[in-house]
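The structure appears below as structure tokens.
Each chain gets a letter, A, B and so on, in the order its sequence line appears, and its residues count up from 1.
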Protein chains: 2
Amino acid sequence: MTPRQLLLRMFEAATAAASPSVCLPLHLPPRPKGRMVVVGAGKAAAAMARVVEDHVDSPLDGLVVTRYGHSVPCNRIRVVEAGHPMPDQAGTDAAQRILDMVGNLTADDMVLFLASGGASALLPLPASGISLEEKRAVTAELLRCGASISEINTVRKHLSAIKGGRLAAAAAPAQMVTLAISDVPGDDLSVIGSGPCVPDPSTFAQAREVLARYRIAPPEAVARLLAEQVDETPKPGDPRLAHASATIVATAQEALEAAAMVAISHGWLPLVLGDAIEGEAREVARVMASIARSIQRHQQPVPCPAVLISGGETTVTVNGQGRGGRNAEFLLSLAVALDGTAGIHAIACDTDGIDGSEDNAGAIIGPNTLARARTKGMDAKAMLAAHDSYGFFQALGDLVVTGPTRTNVNDFRAILIE
Amino acid sequence: MTPRQLLLRMFEAATAAASPSVCLPLHLPPRPKGRMVVVGAGKAAAAMARVVEDHVDSPLDGLVVTRYGHSVPCNRIRVVEAGHPMPDQAGTDAAQRILDMVGNLTADDMVLFLASGGASALLPLPASGISLEEKRAVTAELLRCGASISEINTVRKHLSAIKGGRLAAAAAPAQMVTLAISDVPGDDLSVIGSGPCVPDPSTFAQAREVLARYRIAPPEAVARLLAEQVDETPKPGDPRLAHASATIVATAQEALEAAAMVAISHGWLPLVLGDAIEGEAREVARVMASIARSIQRHQQPVPCPAVLISGGETTVTVNGQGRGGRNAEFLLSLAVALDGTAGIHAIACDTDGIDGSEDNAGAIIGPNTLARARTKGMDAKAMLAAHDSYGFFQALGDLVVTGPTRTNVNDFRAILIE
């Protein structure tokens with residue numbers, strides 16, 4: 001097996017481990033006495049709904065919302081597509097219908113909530129009195145000020161009619177079972193999709209404090225909502241959530257470990273560096289190149305032949321034009337940093353099958369990547385500076401194209417070092 | 001021993017392993033029949049000269065050039081201070097005197113060349129007909145265009161009267177022994193100080209090609225020098241270098257391994273990630289924070305208690321004002337990324353004792369760094385954005401101050417994870 005084939009095989013193993021058909025069946029709950037209503041949101045929502053239909057023969061109905069292009073056909077569960085990463089009206093309509101659907105159930109009934117990456121954007125239901133636009137403006141401002149995810153979530157949950165445990169509260173007294181594919185660092189259920197089905201310890205007062213901390217003056221309707229503080233999110237111990245349970249059925253770490261097992265079975269020593277690597281994509285690549293070189297020179301941190309595996313979500317700060325997602329940019333920077341070093345091949349792909357906003361999952365590089373680019377008249381450094389990683393790998397025929405995988409445990413990177 | 005004490009102990013072990021008094025004596029050559037002339041350049045030059053004086057009782061004389069503030073008193077070898085990282089006239093004068101000094105020796109004599117980090121800037125002798133200013137301008141332009149170190153060296157060696165093996169050629173027929181403390185990735189002798197004593201395979205033609213590749217129009221004198229191509233650098237096999245030998249006596253990797261041994265002896269599992277980590281300091285910190293978190297959450301890439309050790313030279317791209325070297329900036333970014341995570345302490349210091357242009361070697365952080373900063377009214381994120389890492393750690397009393405260590409194997413970073 002060539003290094004290229006092995007890298008592709010490892011990526012397949014990673015996505016397979018996070019695929020609903022593999023990770024979901026074992027966790028499906030026993031059928032309830034009453035009705036079973038299946039709702040959900042995320043890039044994997046349709047694929048998860050399909051697995052539920054395939055494994056549950058009792059009557060069920062429901063609605064899930066997924067990203068445009070991520071549908072799979074279902075028979076009993078309605079599948080709706082909506083905007084991601086930018087929420088749209090289709091998402092708002094779907095969220096409202098989901099809330100309506102779980103509203104009149106009894107204690108004999110069950111709501112099965114299928115959560116996966118992207119659920120937050122796909123279920124955008126502003127609290128009564130504020131608009132989607134106002135809610136989006138506040139979130140954008142918080143991002144701009146460098147607020148932490150936890151701070152942003154505190155505000156977001158208090159501007160939403162469905163997040164921060166509100167969906168689970170609406171479903172009471174029915175039993176509420178959440179099954180989640182995690183795409184967040186730390187696999188925290190209250191962060192996945194902004195936690196529609198888990199209690200929220202944060203308060204209206206804390207949401208106001210966050211805005212004050214970053215000196216953000218919110219739109220008047222938002223300020224009023226936060227000040228009136230009616231309809232607080234359900235707190236831990238809230239009786240409405242007494243029959244709610246949640247399980248994470250797939251994580252990035254498990255996907256990385258599945259890929260590591262493939263490497264081991266082919267005689268390569270894997271080193272899993274982490275499932276939540278953050279940082280500017282091109283800089284993360286320089287660090288990884290340094291570690292790969294150390295392995296070749298000093299047999300440290302591990303001896304050759306080795307493979308560095310990592311997950312998480314890097315960022316790309318674009319200045320000006322550019323085409324290419326964070327995985328392609330990571331690889332282009334890695335190729336430049338390695339500068340043709342013999343014996344090193346790498347892959348980087350988004351496990352959802354879509355790297356940024358292009359049609360590829362990622363790309364693949366080898367020791368001769370730069371030399372082949374030069375014969376085609378391409379200047380790798382200049383294209384990296386212009387953020388044109390997509391064009392670079394397209395011209396080389398080194399894009400990895402899978403189409404939507406209908407799951408998401410973030411990025412997958414593997415660097416083979418001979 | 002507290003985590004803080006252990007981190008300081010590890011840094012001491014790293015610098016000690018690279019200290020001339022530890023690494024030099026074993027490599028000193030047997031005394032020659034004739035004269036022994038000791039020359040050298042670099043941050044460790046004076047300290048290395050002193051060790052030679054302490055261990056060699058035969059008559060010797062010579063001259064070494066070190067950075068301002070890095071002298072130690074010597075008796076027989078003259079110590080000169082000069083500009084670094086920006087070369088100055090003192091360096092040019094010293095380089096000329098060194099060339100003169102080795103010029104009239106016999107085959108019974110020996111030149112001992114002591115090389116260490118900074119030697120390139122401290123021995124700035126332009127080739128005949130061009131000025132230091134012209135040489136500097138070309139190098140600066142190459143750096144600006146993103147030329148590789150190998151490309152820059154090809155040009156630099158052909159604009160110099162002492163680099164690229166010319167010093168060794170000038171010393172023939174005397175025996176030429178180079179002992180080097182390496183501060184370059186890959187520990188390549190032709191890169192340390194631009195290789196004054198090792199053969200240079202690159203040519204005038206290649207130097208012209210590099211300038212053409214980056215569309216650099218050099219000053220007229222430089223263009224003429226490169227076109228005339230008289231006095232080519234000595235190539236491998238050049239008879240003038242037949243009696244030249246070179247040994248690296250200390251490397252970054254050895255320093256990291258010395259620190260790793262200290263960690264092991266105190267019950268911590270070390271993972272040496274690499275001796276040549278590159279990248280923007282604040283982004284390298286985010287990657288390291290991700291790996292540290294993975295160790296706590298998943299016991300991967302290694303189980304706790306562990307320590308991540310790395311070396312190399314990160315960069316800081318300053319926009320606007322700012323005070324603080326790359327190690328302090330790395331740590332401030334690390335503290336922000338870890339956001340008070342329990343059980344993680346870290347140190348980052350330049351092994352030469354000077355972090356950038358301040359008076360500290362580096363700094364140290366712990367889980368309560370951000371909380372303590374808040375009680376002093378400091379906003380860590382804002383100070384990181386303003387590149388004021390020195391002010392941050394100074395106010396906390398968490399700078400590590402050693403003064404010049406008179407050696408240099410680049411940066412030392414260690415992150416303890418309980």
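Of all the heavy atoms in B:Leu273 and A:Ser294, the pair that sits closest is O-CB, 3.9 Å. Considering every non-hydrogen atom in both A:His298 and B:Asp187, the closest pair reads CE1-OD2, 4.4 Å. Nearest heavy-atom pair across B:Thr315 and A:Arg286 is OG1-NH1, 4.3 Å. In terms of heavy atoms, B:Gln300 sits closest to A:Gln253 at OE1-NE2, 2.8 Å.
Counting heavy-atom pairs under 4.5 Å between each of A:Gly186, A:Ala289, A:Gly312 and chain B puts A:Gly186 at the top.
Using a 4.5 Å heavy-atom cutoff, the side chains of B:Val272 and A:Pro301 are not in contact.
Only the side chain of B:Arg297 comes within contact range of chain A, with at least one heavy atom under 4.5 Å from a heavy atom of that chain.
Counting only distance, with no hydrogens or angles, the side chain of A:Glu283 and the backbone of B:Gly279 share no donor-acceptor pair below 3.5 Å.
B:Ser290 pairs with exactly one of A:Asp275, A:Val284, A:Ile277 by the side chain to side chain contact (heavy atoms under 4.5 Å, CB included) rule, that one being A:Ile277.
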